[in-house]
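Accompanying notes for the structure given below.
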Amino acid sequence: MMQRRAFLSGGLALLAAPLAAEAQQAGKAVKIGVLLPQSASLSVPMVTALRDGLKQLGYIEGQSIVIEYRFADGKFDRLPGLTAELIGAQVQILVVGGTTPAQVAKKVHRQSRSCSQESATRSRRAGRVFCTPAENATGFSTAHEDGFAGKWVELLREVVPRATRVIVIHNPTNPSNIRYWRDIKIAARG
Amino acid sequence: MTLQSLEVGTTESLDRALRVMAQEYSDGLIVVTDPFLSAHRTRIVESTNRQKVPAVLDSKSSSRAAGSYRMAPAFPRCTGAPLPTWTNSQGREGG
């Protein structure tokens, strides 16, 4: 039974080791659920890094850990269902890639939980590093300082000094993109 | 510099954005870091290559595929700000 499920956004972090240690002491493999927004093929670098990192910490897939993977293939409407699948598979740790998928997964996790523990991460401003676990959620997110996205404009100007018309593709549903778009507009005026 | 904003958060809006890219002239393209956009980077890169527009993309793999430029932060750290890292299509990095 899943009494405590760690929720990691962006990568493995602080809660993985204690949980794995508990399970290993009990002689059981820790079951990890990995949810990534891309296709399996595009996720290869992330999956490889995750496996390598776990291996360096002594966690071997198929031995001390079992990993269940779900890939949304860029279809974010699939994220709630995939999260529910992993929860139904009794994973003890959820590793979710990306702020938006993590927010969706946390919501599903909260709604699906019938046991008592509060799981949601305290509301934090997107784009900040999680240095300490918040309840049973932790991880990292990209920590760009204000003005960072203006560097993209500077880089483009270096490549195309006479650029006068630039298309910017951004996702307004992602809180960090709102900041990036603001930074880009400021830099473009400069 | 005039910016044209293309808001993309669904496959339908991505389709629209790619159509706009194909139809309208631009001197350059910036694709902001976002999990949805990353998940669809193959389509965006293909479109960028067809238009032969200089692009700043969000990931090393995208920029290599497109022969474009990428700027992304170094691995985020728990203390202090991440160091910005520039990587060009050959994977060379600078501060």
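Computed from a predicted structure; not experimentally measured.
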Inset, instruction - Report yes or no: do A/Val34 and A/Val66 belong to one cluster of Ile/Leu/Val/Met/Phe/Trp/Tyr joined by side chain heavy-atom distances under 4.5 Å? - result: no
Legend entry - Side-chain heavy-atom pair A/Asn171, B/Val32 within 4.5 angstrom cut-off: no
Legend entry - B/Thr10 OG1 to A/Asp77 CG distance, which is reported to the nearest 0.5 Å: 9.5 Å
Inset, instruction - Identify, with sequence neighbours excluded, every residue that meets side chain to side chain donor-acceptor pair (under 3.5 Å) alongside A/Glu61. - result: A/Arg51, A/Tyr69
Inset, instruction - Answer yes or no: is there a donor N or O on one side and an acceptor on the other, between the side chain of A/His170 and the main chain of B/Ser5, under 3.5 Å? - result: no
Legend entry - Shortest non-hydrogen contact between A/Leu42 and B/Ser38, atoms and distance: CD1-O, 4.2 Å
Inset, instruction - Show the numbers, then the answer: is there a side-chain contact (heavy atoms from CB on, under 4.5 Å) between B/Leu3 and A/Trp181? - result: CA-CA 10 Å; B/Leu3 301 177; A/Trp181 175 229; 3.9 Å; yes
Inset, instruction - Output the option from A/Lys75, A/Arg189, A/Arg157 having the highest count of non-hydrogen pairs under 4.5 Å with chain B. - result: A/Arg157
Inset, instruction - Verify the cluster assignment for A/Leu57 and A/Met46: are they in a single hydrophobic cluster under the rule of side-chain heavy atoms below 4.5 Å apart? - result: yes
Legend entry - Proximal component of A/Ile184, with respect to chain B [non-hydrogen, under 4.5 Å]: both
Legend entry - Nearest non-hydrogen partners of B/Pro35 and A/Gly98, listed with the distance: CG-CA, 4.0 Å
Legend entry - Side chains of B/Phe36 and A/Asn174 in contact at under 4.5 Å (non-hydrogen atoms): no
Inset, instruction - Identify, with sequence neighbours excluded, every residue that meets side-chain contact (heavy atoms from CB on, under 4.5 Å) alongside A/Pro80. - result: A/Val104, A/Val108
Legend entry - Between A/Pro172, A/Ser39, A/Ala72, A/Ser43, the one whose heavy-atom pairs under 4.5 Å with chain B are most numerous: A/Pro172
Legend entry - Toward chain B: residues of residues 160-169 of chain A with heavy atoms under 4.5 Å: A/Val160, A/Arg162, A/Ala163, A/Thr164, A/Arg165, A/Val166, A/Ile167, A/Val168, A/Ile169
Legend entry - Proximity of residues 15-23 of chain B to chain A, residues having a non-hydrogen atom under 4.5 angstrom: B/Met21
